[in-house]
Amino acid sequence: MSDIPKKEPSYPVPDALLKPYNPAEVEDRLYAEWEKSGYFNPDICEQKGVIDPTLPYFSIVLPPPNVTGVLHMGSAFMLAIEDAMVRFARMQGRKTLWIPGTDHAAIATQAKVEKLISKEEKKNRHDLGREEFLKRVEQFAKESHDVIVKQIRKTGCSIDWSREAFTLDEKRSLAVKTAFKRMYDDGIIYRGYRIVNWDPKGQTTISDDEIVYQTEKTKLYTFRYAKDFPIAIATTRPETKIGDTAVAVHPDDARYKKYVGKEYDIDFAGVHLHIKIVADSAVNPEFGTGAVGVTPAHSMTDWDIAQRHHLPLVPIIDERARMMESAGSLHGKKVAEVRISVVEWLAKETLIEKEEEIEHNIATAERTGGIIEPMPRLQWFVNVNAKFKNQSEKLAGIKKGEEVTLKELMLAVVKNGQTKILPDRFEKVYFHWIENLRDWCISRQIWYGHQIPVWYKENKMHCDISAPKEDGWVQDEDTLDTWFSSGLWTFSTLGWPEETADLKQFHPTTILETGYDILFFWIARMILMSTYLLGDIPFKTVYLHGLVRDKDGNKISKSLGNNLDPLEIISQYGADAMRMSLLVGTGPGNDSRISNEKLKAYKHFANKIWNVARFLVGTTLSTDTDLALLEPADRETYNTFSEFKKDITSDFENYRLYLAAEKIYQYLWHTLADILIEEKKPILSGEDSPAKKSAQVLLQRIFTDSLKLLHPFMPFITEEIWSLIQSKDTVEKRLLMTERWPE
RNA sequence: GCACUCUUAGCUCAGUUGGUUAGAGCGUCCCAUUCACAUUGGGAAGGUCGGAGGUUCGAAUCCUCCAGAGUGCACCA
């Protein structure tokens, strides 16, 4: 015990409390203590009797961070929200599980490693070969993983490390293969020759959701295929016209009615075209000339038109975005070059009628930035419109035995409120997306990921969990879209396809907390997978958070140079201050702003609580806590505080964390410290009296309960104070993290 | 083009179901400070709640229209 306090306190003040609060000295030590206690694991909580068995379970999966790098502020935001939810549930006495994990992030990770290898060794993945390349990726993924795990610990997350999962580990592989096989056997997954989004840079297909549209100025050319061709068409991609097999006009367009059904043979830039005039209502008569040159092999909408009119398909562009043999003398040339030569040819033949500059969106690949070339390829798809018999009785609005599609399942559970999305405006966005959903292309021509569990031999195809026994079968070289495995995350982490105890007691998960930017990628896919494979929803509530922005409202990103490293912030301000800065005032669906001012303010707050503790230890704590000792006025203050506790509890239960955090902050600083303590100071320094006793009981009760209320948001400092104020004669030291939530 | 969100103090934002006199933090100004407080306290100034209309006993909150900012989706031939 210290002998050097400024003023001799009535009770001994622990040394630690005499200095300002220093998170760096506290955080790692406490995290280790929490981990050692085992309380992150619900089974241990159960064994040690800190669970109230009458309460419902609480379970949540961590949205697995990509092993493409380290965590950013967005991840810190997510961790702060989830840990607050988890700590609240655990303190309530619910059997609480939070499962950690990381995502192999197929394309993203492979692209990153390819970039590194190309930069450092001037090699591509083919130079290394599949086996060696995968070794490199795995090494990289492991290093990222280790950093990520460290960051999660630094943030103070009370997550059950004993159940950590990886989307590409053995158990998750089994889940992926089992899911694939079931869907394949049921005809939900099929292999088909269809037009897909091809990324020439990444040399793979991607799904519709992995496309990012970028606005660009480009030229719109209006021209005729030939002098004697009756209709002029407009295009921004003259080079693709070599693959045209039709011209489509709107059925009601009087200008072109007389031509519909006619066919023409044309020589176009040295290539022979056979063009049929068709009428299709997908054509907008207002745009350009109101006539579309139909290129079925290299445009999504043209593909659809071609399907409706049974038009032939002429692929002219290959995987490297070069012209194919069908392009005659242009064979082997790059698409961009061919555009110029086709325009030159058109000009020479005086076929161009108009040239105008327009703004137009070009499709690029999210991960590589490559310009998407739509082209027909033999790929694997999930059929979202195939009818099947629902086998489950657990889905709201859908009867057992009823014929449904995946689309209908995904709609039903949200429409019927079985899964709620917060804020609810995102439900509309979700519905809109599903209504426009097309079959999901799940095969990727990359190496890093779950290899498709299908084997080929001669003309035979075999889908199974493991390779066929007999010789000669060759496995499909493609891997699965990373979202296929993340779609299983709520139950693959619980042991599915095995019927584990975890699966029985923790699924559906209570809540899924993630950023609104992956509503389609991930949330929709989890609902798809869970309703189909388990016949149950994956989660009851979806809580969507926004982006983290800087002081001026800019998106935080490396390219803007305003990148913030959570570890840096933690070492400067402490994890608690960072968590509070991210949480206070940021409701679901809203973006969070972070600034040094805000971080400083909550660091000050930490110190304020620290000082409150110092003062109260010296004057109040370790005295009686019997509420019967309260005098009438104090009794009333205490009752007001009880109302306050209920209010906080209700905010937590309704996921209004941002309000709860702010209210506790206000209460501790501006009610407890500024008003109550100030008011009681003279009494506390006076002679012993019933009034003094009453003040001590009041402040003691309010402070210890306030620590509990604040714990989900600022776990480190509250735990540290808790340990310092416990009387030394307590036999077994208790942790605040498993103390019962104050009612 | 369709949809959604936002617009409240100088700045950043709360404001839960429509209900006293619209709040906080930061900033500014004044005062106090040998005090539990390196990071303190008290106080002040500052708002026609984007604009117009409507519903209501009552509107920052609900409805309609308008303006500005942002986001998502689609089209993009």
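Within every chain, numbering begins at 1; the chains are lettered A, B, ... in the order of the sequence lines, protein sequences first and strands thereafter.
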Check whether any side-chain N or O of A:Thr245 sits under 3.5 Å from a backbone N or O of A:Pro312 as a donor-acceptor pair, and report yes or no. yes
Secondary-structure stems, RNA chain B, at least 3 Watson-Crick or G-U base pairs under 3.5 Å: B:1-7 with B:67-73, B:10-13 with B:23-26, B:28-32 with B:40-44, B:50-54 with B:62-66
Reading RNA chain B from 5' onward, which residue's closest nucleotide shows up sooner: A:Asp647 or A:Ala601? A:Asp647
Under 4.0 Å: is that the gap between some side-chain N or O of A:Trp669 and OP1 or OP2 of B:G41? yes
At 4.0 Å (heavy atoms only), tell me whether A:Val294 reaches a base, stays on the sugar-phosphate, or touches nothing. nothing
Distance between the C1' atoms of B:C49 and B:A59, in whole angstroms? 11 Å
Options B:A24, B:U16, B:C37, nucleotide nearest the side-chain atoms of A:Lys663: B:U16
Rounding to an integer number of angstrom, what distance separates B:C62 and B:C4 when you compare their P atoms? 14 Å
Ignoring the backbone of A:Leu659, work out which of B:A14, B:C76, B:A36 is nearest its side chain. B:A14
Test ring-ring contact (aromatic ring centres under 6.0 Å, His included) on A:Tyr665 and A:Phe605; report intermediate values, then the result. CA-CA 8 Å; A:Tyr665 170 84; A:Phe605 177 53; 4.6 Å; yes
Which value, in whole Å, describes the distance between the P atoms of nucleotides B:U64 and B:A3? 12 Å
Reckon A:Lys608 touches a base, only the sugar-phosphate, or nothing at all at heavy-atom distances under 4.0 Å? base
Which of the following nucleotides, B:A74, B:A38, B:A36, is nearest to the side chain of A:Tyr213? B:A74
Figure out the NZ/P separation between A:Lys600 and B:C37, and round it to whole Å. 21 Å
Rounding to the closest angstrom, what is the interatomic distance between B:U7 and B:U61 at atom P? 11 Å
Electrostatic pair A:Lys219-A:Glu355, nearest N-O below 4.0 angstrom: yes
Among B:G25, B:A38, B:C76, the nucleotide that comes nearest once only the side chain of A:Asn611 is considered: B:A38
If I take atom CZ in residue A:Arg593 and atom P in nucleotide B:C6, what distance separates them, rounded to the nearest angstrom? 15 Å
Side chain of A:Phe520, heavy atoms from C-beta onward: which of B:G72, B:U39, B:A36 has the nearest atom to it? B:G72
Give a yes/no verdict on a cation-pi contact between A:Lys241 and A:Tyr225, requiring under 6.0 Å between NZ or CZ and the six-membered ring centre and an angle within 45° of the axis. no
When rounded to whole Å, the CD to C1' distance for the pair A:Glu435 and B:A3 reads 12 Å
Rounding to an integer number of Å, can you tell me how far A:Met580 CE sits from B:A14 P? 16 Å
B:G25 OP1/OP2 closer than 4.0 Å to side-chain N/O of A:His670: yes
Contact class for A:Asn654 vs. all strands (heavy atom < 4.0 Å): base, sugar-phosphate, or nothing? nothing
note: A:Asp304, atom CG; B:C75, atom P; distance rounded to Å ~ 10 Å
A:Asn607 side chain N/O closer than 4.0 Å to the phosphate oxygens (OP1, OP2) of B:A38? yes
For A:Glu216, is there any backbone N or O sitting under 3.5 Å from a side-chain donor or acceptor partner on A:Glu359? no
Whether A:Lys646 and A:Glu653 form a salt bridge (side-chain N of Lys/Arg under 4.0 Å from carboxylate O of Asp/Glu) is what I want to check. no
Describe the nucleic acid contact of A:Thr301 in one word from base, sugar-phosphate, nothing, applying a heavy-atom distance below 4.0 Å. sugar-phosphate
As a test of reading the structure: which of B:G42, B:C4, B:C37 is closest to the side chain of A:Arg425, going by heavy atoms? B:C4
Looking only at the side chain of A:Glu678 (C-beta and beyond, no hydrogens), which of the listed nucleotides B:A36, B:A3, B:C76 gets closest? B:A36
Please tell me if A:Asn590 has a side-chain N or O lying less than 4.0 Å from either OP1 or OP2 of B:A14. yes
Evaluation steps, ring-ring contact (aromatic ring centres under 6.0 Å, His included), between A:Phe713 and A:Phe652: CA-CA 11 Å; A:Phe713 301 114; A:Phe652 264 107; 5.3 Å; yes
If we take the P atom in both B:G10 and B:U55, what is their distance in whole Å? 32 Å
Tell me whether the side-chain N/O atoms of A:Thr619 come closer than 4.0 Å to OP1 or OP2 in B:A36. no
Quick check for you: to the nearest 0.5 Å, what is the distance between A:Thr235 atom OG1 and A:Tyr221 atom OH? 10.0 Å
Which whole number of Å gives the distance between the P atom of B:A52 and that of B:G46? 22 Å
What's the CG-P distance between A:Asp517 and B:G72, to the nearest Å? 10 Å
Would you classify A:Gln666 as touching base, sugar-phosphate or nothing, given that sugar-phosphate means primed atoms plus P, OP1 and OP2, and contacts are heavy atoms under 4.0 Å? sugar-phosphate
Hey, do the aromatic rings of A:Tyr602 and A:Tyr573 have their centres closer than 6.0 Å? no
Counting only side-chain heavy atoms from C-beta out, which of B:G41, B:U16, B:C75 sits nearest to A:Asn361? B:C75
Pick the nucleotide of RNA chain B nearest each of A:Ser650 and A:Ala291; which residue has the one closer to the 5' end? A:Ser650
What's the gap between B:G23 and B:A9 when it is taken at their P atoms, as a whole Å value? 14 Å
What does A:Tyr658 touch in the nucleic acid at a heavy-atom separation under 4.0 angstrom: a base, only the sugar-phosphate, or nothing? sugar-phosphate
Atom-to-atom span, CD of A:Glu427 to P of B:G72 - whole angstrom: 20 Å
Classify the ring geometry of A:Phe268 against A:Trp345: parallel below 30°, tilted from 30° to 60°, perpendicular beyond 60°. perpendicular
Given atom CZ of A:Phe431 and atom C1' of B:A74, what is their separation to the nearest angstrom? 19 Å
Please work out whether the ring planes of A:Tyr516 and A:Phe426 are parallel, tilted or perpendicular, with thresholds of 30° and 60°. parallel
Rounding to an integer number of angstrom, what distance separates B:G27 and B:G41 when you compare their P atoms? 12 Å
Pick base, sugar-phosphate or nothing for A:Gly288, based on heavy-atom distances below 4.0 Å to the nucleic acid. nothing
